[in-house]
Amino acid sequence: MSNSLLSEQEQIRRSSLEELRKLGINPYPAAEYKTNVFAQEILDNYTPDKNNFQDVSLAGRIMSRRIMGNASFAELMDSSGRIQIYVRRDDLCPGEDKTLYNTVFKHHLDIGDIIGVKGHVFKTQMGETTVHVSELTVLCKSIHPLPIVKEKDGIIFDAVTDPEMRYRQRYVDLIINPHVREVFRKRTQIYQSMRELFNSRGYLEVETPVLQPIPGGAAARPFITHHNTLDIPLYLRIANELYLKRLIVGGYEGVYEFSKDFRNEGMDRNHNPEFTVMEIYIAYKDYNWMMSFTEEIISKVAMDLHGKTEIVYGDKVINFKPPYKRISMLDSIKENTGVDISGKNEEELRKVCDRFGIEHDPTMGKGKLINAIFSMKCEHTLVQPTFIIDYPTETSPLTKMHRSKPGLTERFELFINCKEIANAYSELNDPIDQMERFQDQLRLSEKGDNEAMFIDLDFIRALEYGMPTTSGMGLGMDRLTMLMTDQPSIQDVLFFPQMKPISQKLKVESQKEEYIKLGVPEEWIEPLKKLGYTTIVKLKEVEKAGKLANDLNGYNKKNKLGLSGLSPEAVDKWLK
RNA sequence: CGGUCUGUAGCUCAGCUGGCAGAGCACGUGACUCUUAAUCAUGGGGUCGAGGGUUCGAUUCCCUCCAGACCGACCA
């Protein structure tokens, strides 16, 4: 294959690769490389007085090089951080043969290559902790040049911030932006912190189906797929609620799952088609208990991550120290609008919407109308953690009726930074009531609400056997991670956020011989390819030989190739 | 889906009223055995997002498309 489509730097790296092989160095060796230390360990613990770290072995990626003739400095980055290494010709090559330094290190290694080094640690005259290298092993040759990011006194130069590169080539983002690696480390730490708490209480981490015949447990549009053997449609789960409750029926005291859910809806900085929710269900509890438990979870996560409950998010300071404000949805609306909507019917609610300029349509029932008023008038005020409690029945079909407030349910949502972070209920365990709620949903669906829930008869049967009083809670892990790591977009807390696929251009090229067969003089093949005619098929598509001849002659002139001019007739012959 | 902005070398970005395509880093060659955004000398590298139009001539002006960012609408 010709290299004409590769950039100059890529071609140089590929030729370095070949040169390494010619020198008997495998650029992609199979053997384990034994290391005994990480960069950060050395930086944290090396003290010249103790004379420690005198026989170290570490491996990582070359991130910069400063060659000064027969001695060089470079920066090696491993999973823990970066450390400077010092490579001196006569230490690396004590004998007559200086190839490893003069040829391999200086000429055939590049920024981005992965190497292993052995040596001892010392401090340079400038005071920088450095590994003095006595042995160097090539572990992986990088043939794609890395973006160059430099840093001096904490100031970053030429940082790559282009989201296109950062999200589509996350591996590059992770290499050159250490703070991005840190965000994802924290993401995992949040999960660990929550697992620790749940496991210490004896709750069981479980896995439930991702492929579901009935997409239940939430109101959302699902992704649909097809199972060939059963010849039935299957849905990617929009929630795992109904399965976890079946497990409570089965006799577990508490179950939880970190669940990848899928919703076929819009994408923006708070929404990705696949996202993670932690759902937890605990028997014999109610939503009041769950509010306290949620406070405990969130404040523990903050403490484990930051050592304090107060964190900075963008230009806001958010305090996760319990207790959080608890206010009913209707009171919150009253507080923000001055209007008491309790007891109002559908028609009256529409008038309230009109009065505040809130859009509504005929498919919206009472619940959705109240929801619309709430999100337009209240959500933006909920910066500090706040429990909004007691939601209308229509939009909460899986929630127990309120023990004392008619028309409402025992449900809360936790809002932080004006966004919903968690959603929880005293779970509806009355099978007959549940069946009626599902039928109400069916009616909504017939009215045109394409988010109304499906009926799951097996779930009803499970409830008929009896589910104890239970409280359940779902917590958006992506949004929680955004908050805890101060990231503005969901794409910044997902390794591989959903992106529009890029149409891949197949880099197939025709061989020289094929061009020669058509009568193309050898010296004109390269110019042809440069002009985009990389295959015979593309060349054959040309209709005007004259234009092609012109283009080629122009290319010849522009690049001062010194080739003799082509006539349209000669070019025409190639095309036939 | 609507509005505003962006796309130029491997990377970060200049490029005026249309007239030979620019810088820094990176890369090649040479010098340099404690440098650190190493330095010095020197050289190469471009389908100016894609396609069409206007023009003697388009990176520049116009149209269409593609991709992205921000702000709205919908949703967790």
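Proteins get letters first, then strands, A, B, ... in listed order; numbering begins at 1 in each. Please read these numbers as outputs of a predicted model, since none were measured by experiment.
Straight-line distance between the C1' atoms of U47(B) and U59(B): roughly 12 Å, to the nearest whole Å. Between A9(B) and A23(B), the two P atoms lie 14 Å apart (nearest whole Å). For the P atom pair drawn from C11(B) and A26(B), the interatomic distance equals 15 Å after rounding to whole Å.
The side chain of Met165(A) sits closest to C11(B) out of A67(B), C11(B), A76(B). With distances taken from any side-chain atom of Met68(A) to the nucleotides A67(B), A69(B), U35(B), the minimum falls on U35(B). Listed candidates were U33(B), U35(B), G44(B). Nearest to the side chain of Phe73(A) is U35(B). Taking every side-chain heavy atom of Arg88(A) into account, U33(B) is the closest of A76(B), C11(B), U33(B). Taking every side-chain heavy atom of Thr124(A) into account, U36(B) is the closest of U36(B), G45(B), U33(B). Listed candidates were C11(B), U29(B), C34(B). Nearest to the side chain of Val160(A) is C11(B). Taking every side-chain heavy atom of Pro163(A) into account, A69(B) is the closest of A69(B), C27(B), U35(B).
Note: Phe415(A) and Phe374(A) meet the aromatic proximity criterion, with ring centroids under 6.0 Å apart. Here Tyr191(A) and Phe258(A) bring their ring centres to under 6.0 angstrom of each other.
Across the protein-nucleic acid pair, Gln125(A) atom CD and U33(B) atom P stand 14 Å apart, rounded to whole Å. The CG-C1' distance, from Asn70(A) to G30(B), rounds to 13 Å in whole Å.
Here Asp361(A) lies out of heavy-atom contact (under 4.0 Å) with every strand. The residue Ile67(A) sits close to a base: some heavy atom pair falls under 4.0 Å.
The shortest distance between the side-chain N/O atoms of Arg66(A) and the OP1/OP2 oxygens of U35(B) is not below 4.0 Å.
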